[in-house]
Amino acid sequence: MTEDRKRLFLVQVRGLVADERDLHYADFQDGALGPHMDVTPIVPTFSGIATPLSSLLEMCKPLTECTHAVFHASDEFQATVPVGDLGQALLLFQQDGEPLKKGFPVRLLVPDGSSDCLNVKSVVRIEFVKHTAPEQEATFGFKNMVSPAEL
Ligand SMILES: Nc1nc2c(c(=O)[nH]1)N[C@H]1C(S)=C(S)[C@@H](COP(=O)(O)O)O[C@H]1N2
Ligand SMILES: [Mo]
């Protein structure tokens, strides 16, 4: 149900930012998170409406020591992206005038990204962190995966 998805919609912004925020559907809808952008001209394999991640950065103001943003999904998938690589990134929040059915509440789109795998579905928390290796390139995968070396 559309109304349920609007009510349950929550994206938490946490970590090394001046302003931690809880983002609701209305924040995307009413323009608080920046202009509404049709994603198809930018990423032809996608449809719907997104806001630029740059607007979220302006709102939350990452601290200077922050190097990466971690996009945590509800299914434990996550992507870690250098803040400097997020200039073209978008948050897809609406399709056919409604909250997303696939990828709810928001989906990260990185149009110029190194991999389609960075288009994280169902982002529920965006965490700004200081990476011990500041030059670390974008990575993605499921949390708590046991590496072969640990078996
Ligand atoms: N939450 C979540 N997002 C995800 C994934 C996932 O398993 N969970 N897989 C990623 C990978 S590896 C790819 S290739 C794309 C696949 O997107 P699609 O389901 O729209 O085809 O989603 C990415 N985003
Ligand atoms: Mo993938």
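Numbering of ligands and ligand atoms starts at 1, following listing order.
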Can you get from Met59 to Leu10 by hopping between Ile, Leu, Val, Met, Phe, Trp and Tyr side chains that sit under 4.5 Å apart?
no
Show me the donor-acceptor pairs, under 3.5 Å and distance only, between side chains in residues 130-142 and residues at least two apart or in other chains.
{"from": "His131", "atom 1": "ND1", "to": "Ala133", "atom 2": "N", "distance (Å)": "3.2"}
{"from": "His131", "atom 1": "ND1", "to": "Ala133", "atom 2": "O", "distance (Å)": "3.4"}

Applied to residues 19-44, the side chain to side chain donor-acceptor pair (under 3.5 Å) test, sequence neighbours excluded, yields Arg14-Asp22, Asp19-Lys61, Tyr25-Gln94, Gln29-Gln94
Just list the N/O pairs, ligand 1 to protein, that are under 3.5 Å apart, with the distance for each.
{"from": "ligand 1", "atom 1": "1 (N)", "to": "Asp75", "atom 2": "OD1", "distance (Å)": "3.0"}
{"from": "ligand 1", "atom 1": "1 (N)", "to": "Asp75", "atom 2": "OD2", "distance (Å)": "3.3"}
{"from": "ligand 1", "atom 1": "1 (N)", "to": "Lys121", "atom 2": "O", "distance (Å)": "2.9"}
{"from": "ligand 1", "atom 1": "3 (N)", "to": "Lys121", "atom 2": "N", "distance (Å)": "3.0"}
{"from": "ligand 1", "atom 1": "8 (N)", "to": "Asp75", "atom 2": "OD2", "distance (Å)": "2.8"}
{"from": "ligand 1", "atom 1": "17 (O)", "to": "Arg107", "atom 2": "NH2", "distance (Å)": "2.9"}
{"from": "ligand 1", "atom 1": "19 (O)", "to": "Lys102", "atom 2": "NZ", "distance (Å)": "3.4"}
{"from": "ligand 1", "atom 1": "19 (O)", "to": "Lys121", "atom 2": "NZ", "distance (Å)": "2.5"}
{"from": "ligand 1", "atom 1": "20 (O)", "to": "Lys102", "atom 2": "NZ", "distance (Å)": "2.8"}
{"from": "ligand 1", "atom 1": "20 (O)", "to": "Arg107", "atom 2": "NH1", "distance (Å)": "3.0"}
{"from": "ligand 1", "atom 1": "20 (O)", "to": "Arg107", "atom 2": "NH2", "distance (Å)": "3.4"}
{"from": "ligand 1", "atom 1": "22 (O)", "to": "Arg107", "atom 2": "NH2", "distance (Å)": "3.2"}
{"from": "ligand 1", "atom 1": "24 (N)", "to": "Asn119", "atom 2": "O", "distance (Å)": "3.1"}

Taking all heavy atoms of Leu92 and all of Ile49, pick out the closest pair and write down the distance.
CD1-O, 3.5 Å
Residue pairs fulfilling side chain to side chain donor-acceptor pair (under 3.5 Å) with at least one residue in residues 81-93, sequence neighbours excluded:
none
Test Leu91 against Val123 for side-chain contact (heavy atoms from CB on, under 4.5 Å), laying out the working first.
CA-CA 9 Å; Leu91 292 175; Val123 174; 5.6 Å; no
